[in-house]
Peer 1: 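Quick one: the structure is below, questions incoming.
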Protein chains: 2
Amino acid sequence: MAVTIRDVAKAAGVSPATVSRALSGSELVEQGTRELVLRTAAQLGYLPNRAARGLITGRTGNLGLIVPDLANPFFPDVVKGIQARAREADYSVFLSDTDEDPAAELGLVRALAKQVDGIILCSPRMSAEDLRAAVDCAPLVAVNRRGSHVPGVTIDNADGMRQAVAHLAALEHRRVGYVAGPRSSWSNRERLRAVRTAAEAEGVELVQIGNVPPQFEGGVAAADLVVAAKVSAVIAYNDVVALGLLTRLAARGIEVPRDMSVVGIDDIAMSAMFSPALTTVSIPKAQSGRAAVELLLQLLGNPGARNPSRREIPTQLLVRDTTAVARQ
Amino acid sequence: MAVTIRDVAKAAGVSPATVSRALSGSELVEQGTRELVLRTAAQLGYLPNRAARGLITGRTGNLGLIVPDLANPFFPDVVKGIQARAREADYSVFLSDTDEDPAAELGLVRALAKQVDGIILCSPRMSAEDLRAAVDCAPLVAVNRRGSHVPGVTIDNADGMRQAVAHLAALEHRRVGYVAGPRSSWSNRERLRAVRTAAEAEGVELVQIGNVPPQFEGGVAAADLVVAAKVSAVIAYNDVVALGLLTRLAARGIEVPRDMSVVGIDDIAMSAMFSPALTTVSIPKAQSGRAAVELLLQLLGNPGARNPSRREIPTQLLVRDTTAVARQ
DNA sequence: CAAGACTATGAAAACGATTGCATCCTCTCT
DNA sequence: AGAGAGGATGCAATCGTTTTCATAGTCTTG
């Protein structure tokens, strides 16, 4: 059925070993022979059997990718970046969606470990000790999470929050709310800390508002708390929450940005489409994905690397229509 | 390093053959022996090497999944369904995003064919002949596309359009627009035909408006054409286009649904969050994904199946806030 | 009790690639 | 011219499983 290396060898009048060497670009085969082999292989439509190769080399040519929820509009773009970069490097990627179940993450890592050369863990919700265990299963890179022995790609939350708070301060907001995401989320803890630091530096009073699920409904629910908190501006854990806020504020007759300024984080596609268009801290999502693959490839090339490598992605405040000068 | 079947065999005092049989649930091994083997395997943390198994069985335990654009909010939900069902059947899925490049699709199918047991092609844009070629590469199921020899999952567009048109007709709309998607899209051709049939049946006049890219910008651009077409209601190729319409109509001061009714197709998450919330023909996206896997598994179990199997997914009109009685 | 039928197990041959080692040839240097 | 070096190639082992076939023991049955 399928054409094997032996068929090519026979057709080209050489041994399978020579075919293997010619195709893998080894330098130990004569120019003429190589060309002959390459031509024959192409002619026969030969494609190497990955399983067989993997068996002897111990590498699969696959990467594993675990995301908490693909329906969260943040992730598809990250996945696209990962996908694209992996393909360039001739790797295929296995996708797994945990449906927001942190307990499933470690199990998936374990299951995937045998089938892939490395794993990318997106926004892992798992505990620190589980993360440690995961790292021991396979070469692993985390996205949106820093761990003491885990290489990873993170967002420069500190600078993003600094930009957001500086923007609001420049608009004369003196009392600003932060609508927090899930307590268990590393990103949320990180953003909370960053926004506090930034507020202090700018001399702005900061009030934390709730811990809401990172969904539209979370924002809807938070809106009333925001109003009650007597702030003139609010920064949301992410864009989806911010859009929820916007919707409920409008329903209550509170006009944005006249009565309240709102800033999101992520810059998902919908944010620009909403009216009013959301001011947000933009994260280069595809770039984060590419960087994660880059890190992983580096790890695979040099598995003994002692210090886990890190990569921090810069953020950029996009000022759109939901922020304005504070009302006196 | 890794624990192999031989290690388990040695530890359990049996032959590798027996271990293999015990683990694969073959009936030819004695109860006691099976338990011993299972216990030993678990104890040693044995996980079978997929590559080795694949080499001998010829099956990989992997499925390939090709989508045109993961950033299109329609697809993540479908992918989630596919993912979930595949995992239940103990399959892993390779994800590939073609970035809307139809020319890349066949190449990807070819490349993937050797690494997977079957392929799911989502909304393939490729030509009919390419699709024929693709089917010959590997067991294959198409989603959102019907081809003469291609098993696939499709949406019941006819009924969806019927519901939408009946709804508008009941609201006394007599002249309705259809904002068409890309001419090359099979779904678009299908929907156009269905909406025409439905309009005829309801005695409603139908005007086709443009062929726009299936994005927000497409809807924005179409809005002015819609107004010029003097229709009182419009059905859009999909929700994203409908949201673009809504945005531009609002900017022109045309109030929805008072001055114009708008119906989308897909029911993406954002549609419910928009204001006004979009009336739309809902497609069970995850269910489509699951059905595709189901079909593929069936195909794998019985590759000689002559008549390609089909599955049609029902749709459901969700009436929200963008449709109202036509103005006199 | 003998003979056949069955059952549980093991030995060994695959699957298709890679790679260490051996071989053979050609070239160069003394 | 002979010897040694080195480059190109082939042979065969190997990776970890599954599966066919053979074997040895147990059970049934006339």
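Every chain is numbered from 1 and lettered A, B, ... according to where its sequence line falls, protein lines coming before strand lines.
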Peer 1: Near DNA chain D, which residues from residues 55-64 of chain A have a heavy atom under 4.0 Å away?
Peer 2: A:Leu55, A:Ile56
Peer 1: Restricting to nitrogen or oxygen on both sides, can you table the protein-nucleotides 20-23 of chain D pairs closer than 3.5 Å?
Peer 2:
residue, atom, partner, partner atom, Å
D:dT20, O4, B:Arg21, NH1, 3.4

Peer 1: From the list D:dG16, D:dG10, C:dA17, which nucleotide is the closest neighbour of the side chain of A:Ile5?
Peer 2: C:dA17
Peer 1: Classify B:Arg6 by what it touches in the nucleic acid, base, sugar-phosphate, or nothing, heavy-atom distance under 4.0 Å.
Peer 2: base
Peer 1: Would you indicate whether the side-chain heavy atoms of B:Tyr91 and B:Leu296 approach each other to under 4.5 Å?
Peer 2: no
Peer 1: Name the nucleic acid region contacted by A:Thr18, choosing base, sugar-phosphate or nothing; use a 4.0 angstrom heavy-atom cut-off, strictly under.
Peer 2: sugar-phosphate
Peer 1: Who are the salt bridge (charged side-chain N to carboxylate O under 4.0 Å, His left out) partners of B:Asp99, not counting sequence neighbours?
Peer 2: A:Lys80
Peer 1: With a 4.0 Å cut-off on heavy atoms, is A:Thr33 in touch with a base, just the backbone sugar-phosphate, or nothing at all?
Peer 2: sugar-phosphate
Peer 1: Between residues 110-118 of chain A and DNA chain C, which residues have a heavy-atom gap below 4.0 Å?
Peer 2: none
Peer 1: Does any pair with a residue in residues 35-60 of chain A pass side-chain hydrogen bond (donor to acceptor under 3.5 Å, both in side chains), and if so which ones, sequence neighbours excluded?
Peer 2: A:Gln31-A:Glu35, A:Thr60-A:Asp117
Peer 1: Testing B:Asp130, B:Asp136, B:Ile66 one by one against B:Val109 for a side chain to side chain contact (heavy atoms under 4.5 Å, CB included), which residue passes?
Peer 2: B:Ile66
Peer 1: Is any side-chain nitrogen or oxygen of A:Ser20 closer than 4.0 Å to OP1 or OP2 of C:dT18?
Peer 2: yes
Peer 1: Are the side chains of B:Ser148 and B:Arg132 in touch, meaning some heavy atoms are under 4.5 Å apart?
Peer 2: yes
Peer 1: Look only at the side chain of A:Asp156 and the backbone of A:Glu312, and say whether a donor-acceptor pair between them is shorter than 3.5 Å.
Peer 2: no
Peer 1: Sequence neighbours excluded, which residues qualify as side chain to side chain donor-acceptor pair (under 3.5 Å) partners of B:Ser185?
Peer 2: B:Tyr237
Peer 1: For B:Arg310, is there any backbone N or O sitting under 3.5 Å from a side-chain donor or acceptor partner on B:Arg146?
Peer 2: no
